[in-house]
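Chain letters run A, B, ... following the sequence lines, proteins first, then strands; residues in each count from 1. In what follows, every heavy atom counts, from backbone to side chain, and hydrogens, waters and symmetry copies are set aside.
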Number of protein chains: 2
Amino acid sequence: MAVKPPGPRQPPLNALRAFEAAARLGGFAAAAEELNVTPGAISAHVKALETELGARLFDRNARGLQLTGLGARVLPAFTEAFDRLGQATQTLRAEAAPNVVHIAALPSVAQLWLSPRLPRLRAEAPEIEISITAMEAPPNLKRAPYDLCLFFGPEPDGRLAEDVIFPVCAPALAEQLHQPEDLNRLPCLTDSTWSEDWHLWAQQAAPGLRLATRGPVLSLYALAVEETVNGAGVLIGHQALIAGHLEAGTLVAPFDAPVRLPGGLRMSNPRPLRANTPAGRVARWLRDSAPA
Amino acid sequence: MAVKPPGPRQPPLNALRAFEAAARLGGFAAAAEELNVTPGAISAHVKALETELGARLFDRNARGLQLTGLGARVLPAFTEAFDRLGQATQTLRAEAAPNVVHIAALPSVAQLWLSPRLPRLRAEAPEIEISITAMEAPPNLKRAPYDLCLFFGPEPDGRLAEDVIFPVCAPALAEQLHQPEDLNRLPCLTDSTWSEDWHLWAQQAAPGLRLATRGPVLSLYALAVEETVNGAGVLIGHQALIAGHLEAGTLVAPFDAPVRLPGGLRMSNPRPLRANTPAGRVARWLRDSAPA
DNA sequence: AATCTAGGCTCAGGAAAACTGAGTCTCAGA
DNA sequence: TCTGAGACTCAGTTTTCCTGAGCCTAGATT
């Protein structure tokens with residue numbers, strides 16, 4: 001008859017994870033987003049943890065958080081532990097379902113770059129199942145369960161395409177556009193996540209031009225492209241994403257004024273890929289398909 | 001307006017922990033004990049994990065478990081990750097409450113060896129708070145939140161005392177005991193976790209003696225000691241645990257026949273101790289107090 | 001063979017944890 | 001002064017987690 005008094009309980013794993021995310025990202029809101037919960041949940045977790053420990057982990061200054069000395073001292077160990085756990089989990093998932101390749105991508109990239117390539121990929125490797133998750137920002141590479149990530153970024157490794165931008169519009173509208181100044185007479189579509197595109201382009205391609213850039217602001221670039229094809233106005237085209245439309249003639253570039261941005265479309269892989277695994281094959285296939 | 005589709009969810013941490021424990025310990029029952037839940041809970045966790053993964057982690061053969069290839073391949077990574085997490089948690093707890101020293105001990109050791117020493121320790125270091133948790137088996141050193149562990153074991157490092165055993169009884173009963181054969185005329189108390197004591201002793205101290213060893217079986221050694229003091233019978237005394245009673249005269253050893261067992265009372269520390277931390281000081285104090 | 005036992009399984013019910021949503025508070029910057 | 005970001009609170013709800021009892025199987029025991 002064993003006696004089993006509770007003794008000191010281990011803090012709940014979820015609370016530790018919440019603390020780690022909040023500390024690493026510097027805020028409950030950011031942690032909440034990473035963990036797909038509301039900030040209130042993070043707050044509650046951390047508070048419970050602090051209560052159990054009898055010590056504060058964060059200083060709250062109404063405008064955000066500041067790690068206490070205690071928090072800062074223990075954070076690295078937790079980050080490393082959860083990183084390892086994430087890696088182990090990914091390995092587990094990958095080994096359990098070797099034929100599923102999980103891809104994380106910017107919504108626009110998913111729709112405009114990746115999606116058109118999938119039919120051919122499926123035809124060439126029907127046994128591979130592709131799962132695509134669209135998200136605004138690259139996931140934490142050490143944690144999230146993705147085999148491949150497709151995002152725009154400045155890092156040179158894994159570069160699939162330069163980021164070259166220039167105005168595009170439906171062929172019917174192009175007749176009204178002979179020089180950059182003409183842009184002010186047509187609606188200029190703006191994508192909310194690339195709201196600086198017009199300025200970046202104008203700065204280099206038409207210095208001195210004062211662009212009004214009034215016009216609809218859309219939250220999905222793919223939607224903006226669709227609208228543009230339908231003649232709603234002029235859009236800054238990212239070459240990699242509209243190459244298909246240019247080729248098909250559904251969009252045209254009224255000016256010969258491409259501007260190359262420092263970043264580019266980039267494929268990264270959280271874990272090293274072996275060449276003849278499904279993920280490795282998809283990666284190679286996508287890389288080879290990039291110029292197309 | 002960010003789009004946030006659920007995408008592939010991360011498996012619950014608790015399920016991963018359950019899997020890791022079951023795999024490492026080779027059974028749901030053992031895992032359940034380590035995690036302080038029922039086996040059914042472990043079973044459910046593992047089943048949920050397997051369902052989510054779409055792959056088996058264990059082969060169930062009605063008589064126990066066998067890791068599948070998949071399970072065996074991923075186990076080490078999980079064990080390491082959870083070990084680190086445990087270490088981080090311990091560090092956190094220790095830093096958050098530096099003056100609390102958590103000790104895990106065998107119930108008998110806690111009551112008969114540790115407890116009598118505490119008053120003096122408290123007097124010498126009143127700022128240190130001691131927390132004692134009694135348990136039948138040493139905890140997983142890499143995980144459990146204890147600074148010091150006191151158990152009997154064969155390992156030589158950290159040895160506080162040899163395990164020397166011999167029959168003891170109340171002084172009044174000693175008159176009836178002149179030679180080992182007399183033991184059969186008195187009740188021989190047995191502790192359920194040290195049920196072999198009588199045989200071990202008799203083998204060496206009185207070879208050939210046929211001991212009936214009938215008598216009450218108690219589940220707590222400290223209780224057996226108390227009963228013995230009250231004259232209920234004869235008990236195999238473990239020197240380290242009854243030294244106080246011998247000194248006080250409340251128990252006597254009727255025969256001069258000590259037997260030294262291979263193991264001993266042992267103090268171990270999951271994490272390295274620094275000498276002038278509270279845990280380190282308690283450890284040193286206890287070590288120095290051992291001969292007493 | 002019949003029984004015993006260890007260990008896993010299932011299922012329903014209930015406890016505990018986690019999460020949300022709406023509203024509040026506070027400060028920094030415009 | 002206003003606004004917005006970010007954290008807090010609290011009630012209510014959903015989800016997860018756990019237990020407890022009984023069942024099932026296969027090796028061990030008699």
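- Side-chain nitrogen and oxygen atoms of A/Arg60 include none within less than 4.0 Å of the OP1 or OP2 phosphate oxygen of D/dG6.
- Rounded to whole Å, the distance from CG on A/Leu67 to P on D/dA7 is 12 Å.
- In this structure, B/Glu33 atom CD and C/dA6 atom P are separated by 14 Å, rounded to whole Å.
- One can place CD of B/Gln66 at 12 Å from P of C/dG8, the figure rounded to the nearest angstrom.
- Closest non-hydrogen pair, A/Ile236 versus A/Tyr221, comes out as O-OH, 2.7 Å.
- For the pair B/Phe28 CZ and C/dT10 C1', the interatomic distance rounds to 13 Å; values are reported in whole Å.
- C/dG8 atom P lies 13 Å from atom CD of B/Glu50, rounded to whole Å.
- Remark: C1' of D/dA26 and CG of B/Asp59 are 16 Å apart, rounded to the nearest angstrom.
- At the phosphate of D/dT9, OP1 or OP2 sits under 4.0 Å from a side-chain N or O atom of A/Lys47.
- Residues satisfying the side-chain contact (heavy atoms from CB on, under 4.5 Å) criterion with B/Ala22, sequence neighbours excluded, are B/Phe28, B/Ala31, B/Ile42, B/Phe58.
- In terms of heavy-atom proximity, B/Leu189 sits nearest to B/Ala232 at CD1-O, 3.8 Å.
- Taking atom CG of B/Leu25 as the reference point, atom P of C/dG7 lies 12 Å away to the nearest angstrom.
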Distances for protein N/O vs nucleotides 15-20 of chain C N/O pairs under 3.5 angstrom?
{"unit_1": "C/dA18", "atom_1": "OP1", "unit_2": "A/Asn14", "atom_2": "ND2", "d": "3.4"}
{"unit_1": "C/dC19", "atom_1": "OP2", "unit_2": "A/His45", "atom_2": "NE2", "d": "2.8"}
{"unit_1": "C/dT20", "atom_1": "OP2", "unit_2": "A/Thr38", "atom_2": "N", "d": "2.4"}
{"unit_1": "C/dT20", "atom_1": "OP2", "unit_2": "A/Thr38", "atom_2": "OG1", "d": "2.6"}

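- Axis angle between the ends of the helix from C/dA1-D/dT30 to C/dA30-D/dT1, five pairs each and rounded to 10 degrees, works out to 30°.
- A donor-acceptor contact shorter than 3.5 Å is absent between the side chain of B/Ser43 and the backbone of B/Pro39.
- Ring geometry for A/Trp201 versus A/Trp198: interplanar angle over 60°, hence perpendicular rather than tilted (30 to 60°).
- Classified by interplanar angle (parallel below 30°, tilted 30° to 60°, perpendicular above 60°), the ring pair A/Phe152/A/Trp194 is perpendicular.
- Side-chain atoms of A/Gln90 come within 3.5 Å of backbone N or O of A/Ala144 as a donor-acceptor pair.
- With respect to A/Glu20 and A/Arg143, a salt bridge is recorded, a charged nitrogen being found less than 4.0 Å from a carboxylate O.
- Between the B/Gln66 side chain and the B/Arg60 main chain, no donor and acceptor come within less than 3.5 Å of each other.
- At D/dC8, one or more side-chain N or O atoms of A/Ser43 fall inside 4.0 Å of OP1 or OP2 (strictly under the cut-off).
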